Amino acid sequence: MEITLPILILAIPVCMFLLLGIGGVYMPRKVAGVLGILGMGTTMTLAYIVAFTYFFSGNPEFIIDGVRQQFQVFDVTWLAFTERLVVNLGFILDPISAMMLIVITTISFMVHLYSWGYMEHEPGFQRYYAFLSLFSFSMLGLVVATNIFQMYIFWELVGVSSYLLIGFFYKLPSAVSASKKAFIVTRFADLGFLIGILLLSFYTDTFNFISMTSNPEAVLSSTGGATFMGASVLTWAMVLIYVGGMGKSAMMPLHIWLPDAMEGPTPVSALIHAATMVVAGVYLVARMFPVYCVVDDSLTFVTVVGAITAFYAAVVACAQIDIKRVLAFSTISQIAFMMVSLGCAYDQPVEGVHYSGLGYMAGMFHLFTHAMFKALLFLGAGALIHAVHSNDYTKMGGLRKYMPITHWTFLIGCLAIAGIWPFAGFFSKDEMLAAMFSRHWFWGAWMTMVAGLTAFYMFRLYYLIFWWEENPDYKHHKPHDAPWQMSLPLIILAAVSCVAGFIPFGEFVTWNGEPYHIHIELPVAATSLIVAICAIGLATVMYRQRNEWPTRVKNMCPGLWMAAHRRFYWDEIYMFITHKIIFGGICTAIAWFDRHVIDGMMNAFAWVTQKVSYSIRGMQSGQVQAYVVWYFLGAALLAAVTWICLL
């Protein structure tokens, strides 16, 4: 493949960022918007051409003996530490990077188009489109990286881009606080990522993905059996690398930044949650999956963290009032679902069944379908906020009569995420649950319960927005559907959410290049479908119309409801640790020691020096006769000391 198209895929967004960032202030708002949309539309077209060429051309560069290969379109040296340890910048094409090109550019283009209507009257319109282009460039650079150090560079650039967009409304203290929180929390996680990269490269002498994943046993043997605190060095390296993914993908306990990130513009929330920002951790584990397979302790860690996070986020979502925060915790739960699927995809037979392809493929399949319906749900939430000027569902109710397009598209998104046949989420969720049950019945049962909670809280949200009692304010301000720039992306994403499940995903995206044939596991699918339908039925009884059930349930467990509403006090825990223990305790003690002990010692030395200097100041009187006297006295003293020493 020629390198022109791949280079343009990266070059166009960064050029649009520079053009709009530097020259945007001199452009009319509509010109800046059109340029941003055209730039992203062109990038999307090129990405589709490259991806479809890779999947369907049959080019011998991509397929050898029926197996789809990893292909480096280009790979140039950037830094050379040693003869073997070099950092390259390049563009890799393989099943998951080609898939992510489609996901990122599709969602980003929809967000660019949607933002033309949503952000039309906001100050800083040109700056907003410049930041969107930078964000898109960062995500694209991350997924096509040929080596883990290049991925880390773009990983950090994604963090900077999200900081700029979350804090776009920089005059609002809440937005500034949210952007700083997101940046700081993810930087702590990325420190673990960097240490893991350095540890891994120290033993393997390479950063290159193909070198590491094509022969993971060699990576394991390169550590020479070295261990630390009972675990192999490679296990520590892979866990530390995953810590970076935990921060970016908002896994517990590094999840606290994501709900507050909703302070940014709603289209930004859609881009963060549906494209690569939040799923970067999943992509990282998938990219390094063969290496994770040879240290199964690290995959166990991935599974446990994901399972706990999925349940926690689902419970919290059931008690939120802000519609964007419901969707934020939904994203945390769904990302954790993908993590558990990958964690259950051990590359070894269990009870005679070899199922590594299933768990890996299922996680990637759900990443794809989730991107479409989660973008749909967030953009639908933006249309609702645009109509009623509030994120609070108590300011809504009965909106199906006023906003039919938003209503039907939002309903499709809810059905998809709940896993109802024939919508996209049903197929990918079934594959993930099948992988989990294959690993152990406990993981399958636990995540089926989480899937039921997902169906419940999403239809709770749906009924409270579109069916619950109408807000009296509608008499003064009648809501209506969004303009075409906002409605068209909703319709397109809703259509994709209806049909994406029928894509033979396993034919294209597997970890070892060999196709995995998707098939419905009837017992698993029937069980999860029945659970989802029962959960939707419960939500219908409780929230379709105003009644006493929500209040009665809340009064039955007021402490649990309040704890879930307050996110089980994780923010308060962090504030207590940082302000009371670290700043109020440890730092205060260090400051006291510095002020009273260190400063006291320094002041004592200064006082002694001052007194001695004052007492001997006569020795430097400026009189030559005095200097001669002191000279002879010193010489006599030196001679006496020397004489005594020689005796």
Side-chain angles (χ1 to χ4, degrees), residues 152 155-156 159-160 162-164 166-167 169-199 228-231 236 239-264 281 301 305 308-309 312-313 316 320 322 325 328-329 332 559-560 562-613:
Y152 183 77
W155 188 280
E156 295 304 312
V160 172
S162 63
Y163 169 80
L164 295 172
I166 293 169
F169 299 120
Y170 59 87
K171 293 184 179 180
L172 296 177
S174 59
V176 174
S177 177
S179 63
K180 291 192 294 185
K181 187 176 184 179
F183 191 80
I184 292 170
V185 171
T186 53
R187 292 296 73 69
F188 274 108
D190 293 350
L191 175 61
F193 188 13
L194 179 60
I195 294 172
I197 291 173
L198 297 176
L199 191 60
F228 177 71
M229 295 179 64
W236 279 107
V239 168
L240 286 168
I241 288 172
Y242 177 63
V243 168
M246 288 173 61
K248 207 65 111 200
S249 292
M251 297 292 99
M252 291 179 67
L254 302 173
H255 64 284
I256 59 170
W257 68 270
L258 189 57
D260 289 355
M262 300 303 97
E263 294 292 338
F301 182 73
V305 170
I308 295 172
T309 303
Y312 160 81
V316 172
Q320 298 303 300
D322 187 316
R325 279 178 166 75
F329 280 101
I332 295 174
L560 177 61
M562 181 55 66
H565 178 67
R566 296 292 297 271
R567 314 173 198 175
F568 289 95
Y569 306 103
W570 272 99
D571 285 288
E572 288 80 357
I573 292 171
Y574 271 95
M575 291 294 288
F576 176 79
I577 292 173
T578 54
H579 285 257
K580 297 295 184 181
I581 297 179
I582 297 178
F583 297 147
I586 298 174
C587 292
T588 300
I590 293 174
W592 183 91
F593 183 81
D594 179 71
R595 186 177 300 112
H596 294 89
V597 178
I598 303 299
D599 286 357
M601 291 172 59
M602 294 302 101
N603 291 337
F605 284 130
W607 182 83
V608 171
T609 302
Q610 182 185 29
K611 291 299 182 182
V612 172
S613 300

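We're numbering straight along the sequence, starting at 1. None of the values given here were measured: they were computed from a predicted structure.
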Visitor: Which residues pass the salt bridge (charged side-chain N to carboxylate O under 4.0 Å, His left out) test with Asp571, sequence neighbours left out?
Guide: Lys181, Arg567
Visitor: Could you state the interatomic distance from CD1 (Ile598) to CD1 (Ile590), rounded to the nearest 0.5 Å?
Guide: 11.0 Å
Visitor: Are the side chains of Pro253 and Tyr574 in contact, using a 4.5 Å heavy-atom criterion?
Guide: yes
Visitor: Taking all non-hydrogen atoms of both residues, which atom of Ala189 and which atom of Leu254 are closest, and how far apart?
Guide: CB-CD1, 3.8 Å
Visitor: Taking all non-hydrogen atoms of both residues into account, name the closest pair between Trp570 and Ile256 and its distance.
Guide: CB-CG2, 4.1 Å
Visitor: Check whether any side-chain heavy atom of Glu156 lies under 4.5 Å from a side-chain heavy atom of Val160, and answer yes or no.
Guide: no
Visitor: Tell me, yes or no, whether the heavy-atom count around Tyr163 atom OH, taken from other residues, nucleotides or ligands under 6.0 Å, exceeds 12.
Guide: no
Visitor: Could you grab the distance from atom CG of Asp322 to atom CE of Met262, nearest 0.5 Å is fine?
Guide: 9.0 Å
Visitor: Hey, what do you get for CD1 (Ile241) to CG (Leu198), rounding to the nearest 0.5 Å?
Guide: 9.5 Å
Visitor: So do Tyr242 and Met251 actually touch side chain to side chain, heavy atoms under 4.5 Å?
Guide: yes
Visitor: Near Tyr569 OH, under 6.0 Å, is it more than 12 heavy atoms from other residues, nucleotides or ligands?
Guide: yes
Visitor: Roughly how far, to the nearest 0.5 Å, is OG1 of Thr578 from CD1 of Ile586?
Guide: 11.0 Å
Visitor: When you measure from the side chain of Ser177 to the backbone of Pro173, do you find a donor-acceptor pair of N or O atoms at a distance under 3.5 Å?
Guide: no
Visitor: Going through the checks in order, is the side-chain contact (heavy atoms from CB on, under 4.5 Å) test met by Phe301 and Met246?
Guide: CA-CA 11 Å; Phe301 182 73; Met246 288 173 61; 3.9 Å; yes
Visitor: Please report the shortest heavy-atom distance between Pro259 and Ala328, naming the atom on each side.
Guide: CA-CB, 4.2 Å
Visitor: Any side-chain heavy-atom pair from His565 and Met562 closer than 4.5 angstrom?
Guide: yes
Visitor: Return the orientation label for the Phe568 and Tyr312 ring planes: parallel under 30°, perpendicular over 60°, tilted otherwise.
Guide: tilted
Visitor: What are the two closest heavy atoms between Gly159 and Arg187, and how far apart are they?
Guide: CA-NH2, 4.2 Å
Visitor: Looking at every non-hydrogen atom in both residues, tell me the closest pair between Ser249 and Gly281 and how far apart they are.
Guide: OG-N, 3.0 Å
Visitor: Measure the spacing between CE of Met252 and CD1 of Ile332 and express it to the nearest 0.5 Å.
Guide: 9.5 Å
Visitor: Taking the side chain as every heavy atom from C-beta outward, state whether Ile581 and Phe576 have any atom pair closer than 4.5 Å.
Guide: yes
Visitor: Say you draw a straight line from CH2 of Trp155 to OG1 of Thr186; how long is it, rounded to the nearest 0.5 Å?
Guide: 10.0 Å
Visitor: Would you name the heavy atoms of Gln320 and Ala564 that are closest together and state the gap between them?
Guide: NE2-O, 3.2 Å
Visitor: Is it true that the NZ or CZ of Arg325 lies under 6.0 Å from the centre of Phe329's six-membered ring and within 45 degrees of the ring axis?
Guide: no
